[in-house]
Undergrad: 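So that we are looking at the same thing, I have put the structure below in structure tokens.
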Amino acid sequence: VTTSAPKDLATLSPKPLVTPRSVCAGALGFAAAASTVLFAFDPSRAEFYPPCPFHTLTGLYCPGCGTCRALHELLHGHLAEAFGLNPVMVLLIPFLGYMLLPYVAFAVAGKRVPANSIPALWTRFALWAILAYWVLRNVPYYPLDLLAP
Amino acid sequence: MFEDDREDRREERREPPPPRANVPGWLLPVSIVSVLLCLPTGIAAIIYSAQANSKSQAGDTAGASRAAKNAQIWIVVSVVAGILGFLVLLAGG
């Protein structure tokens, strides 16, 4: 739906404000701003971070619970603490970086880089792993309670 | 001239490339990020992006495009719900 758009839009004049590149750049800028806030303010102490809606409603942990605190620890170089808060998120970071790198390159350099792709089997594995993680980190017994944030 | 002809014939003998569905590469990573940022509706986005990848690699172009569209819709739903929830919490807190 979107991959053929940049060429068409680039030939138009005047240049539209919302281009695929501006969307990529906006997302990158938002991520940079969010990282700065996360680095400066510890989510386990600051009060302005929104709580997880799922945890607020049900009292259970979702696959994302602990991400903000874990990213704060990661930004300060504390890998072990981050892993203790949300191990799956930490393990997924290299994969997310690999998949999103072409878009970062596009936002920065304005050059279209072919998207990275992974085998379909892996994507299905990621889905089931995250669903299993959702259940398992709510089991209150050792060693599964290590998965809770 | 002759070079071109030979090139053409070689082109014919080559197998036709499999149909490529339009599945943007950012769908799956962005879906996963939305789940990791405490947006449980992102699970639906992951389901559809995984489906889009599977169908695209199985050659089901139409199905892959449909799944990719659904994934995009769920990503937008997650982001909008996240922003609304944040605003509600700001107003209530």
Side-chain angles (χ1 to χ4, degrees), chain A residues 1-5 20 23-24 27 31 34 47-58 61-68 70-71 86 88-90 92-93 95-103 106 113-131 133-134, chain B residues 20-61 63-73 75-76 78-79 81-93:
Chain A
V1 186
T2 49
T3 42
S4 65
V23 172
C24 287
E47 298 208 330
F48 59 86
Y49 290 100
C52 171
F54 183 76
H55 184 68
T56 310
L57 286 173
T58 63
Y61 298 122
C62 81
C65 284
T67 301
C68 284
L71 286 177
N86 195 337
V88 166
M89 189 275 295
V90 175
L92 276 174
I93 283 183
F95 160 75
L96 296 174
Y98 170 75
M99 294 296 279
L100 291 174
L101 201 60
Y103 299 95
F106 179 49
V113 185
N116 287 324
S117 72
I118 55 161
L121 189 67
W122 291 17
T123 65
R124 264 174 280 156
F125 175 75
L127 169 64
W128 286 109
I130 287 176
L131 289 175
Y133 180 54
W134 197 336
Chain B
R20 287 290 301 270
N22 210 339
V23 179
W26 53 265
L27 274 184
L28 188 68
V30 170
S31 311
I32 291 178
V33 167
S34 70
V35 168
L36 292 181
L37 292 179
C38 293
L39 299 171
T41 43
I43 283 286
I46 298 188
I47 291 174
Y48 280 118
S49 345
Q51 220 177 62
N53 274 342
S54 301
K55 286 187 171 170
S56 148
Q57 287 179 22
D60 178 4
T61 316
S65 297
R66 235 179 300 128
K69 199 168 250 174
N70 281 330
Q72 288 184 32
I73 290 171
I75 288 172
V76 172
S78 305
V79 170
I83 292 172
L84 283 181
F86 183 59
L87 290 180
V88 165
L89 284 165
L90 273 186

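Lettering of chains follows the sequences in order, A, B, ..., and the numbering in each one begins at 1.
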Undergrad: For Gly25(B) and Ala115(A), which heavy atoms make the closest approach, and how far apart are they?
TA: CA-CB, 4.1 Å
Undergrad: Checking Leu127(A) against chain B: side chain, backbone, both or neither under 4.5 Å from a heavy atom?
TA: both
Undergrad: Determine, step by step, whether Ile46(B) and Thr123(A) satisfy the side-chain contact (heavy atoms from CB on, under 4.5 Å) criterion, reporting the C-alpha distance in whole Å, the side-chain angles of both residues, the deciding distance to 0.1 Å, and the verdict.
TA: CA-CA 9 Å; Ile46(B) 298 188; Thr123(A) 65; over 6 Å; no
Undergrad: Quick one: what part of Pro51(A) sits under 4.5 Å from any heavy atom of chain B, side chain, backbone, both or neither?
TA: both
Undergrad: What option among Ser31(B), Ser34(B), Ser54(B) has the most heavy-atom pairs under 4.5 Å with chain A?
TA: Ser54(B)
Undergrad: Counting heavy atoms not belonging to Phe125(A), are there more than 12 under 6.0 Å from its CZ?
TA: no
Undergrad: Which heavy-atom pair separates Trp26(B) from Tyr103(A) by the least distance, and what is that distance?
TA: N-OH, 3.1 Å
Undergrad: Enter the distance from Ile43(B):CD1 to Cys62(A):SG here, rounded to the nearest 0.5 Å.
TA: 8.5 Å
Undergrad: Heavy-atom pairs under 4.5 Å with chain A - which of Val30(B), Asn53(B), Leu36(B) has more of them than the others?
TA: Leu36(B)
Undergrad: Using 0.5 Å steps for rounding, measure from the CZ atom of Phe95(A) to the CD1 atom of Ile32(B).
TA: 4.5 Å
Undergrad: Is there a donor-acceptor pair closer than 3.5 Å between any side-chain N or O of Gln57(B) and the backbone N or O of Ile118(A)?
TA: yes
Undergrad: Pick one of side chain, backbone, both or neither for Trp134(A), based on which atoms fall under 4.5 Å of a heavy atom in chain B.
TA: side chain
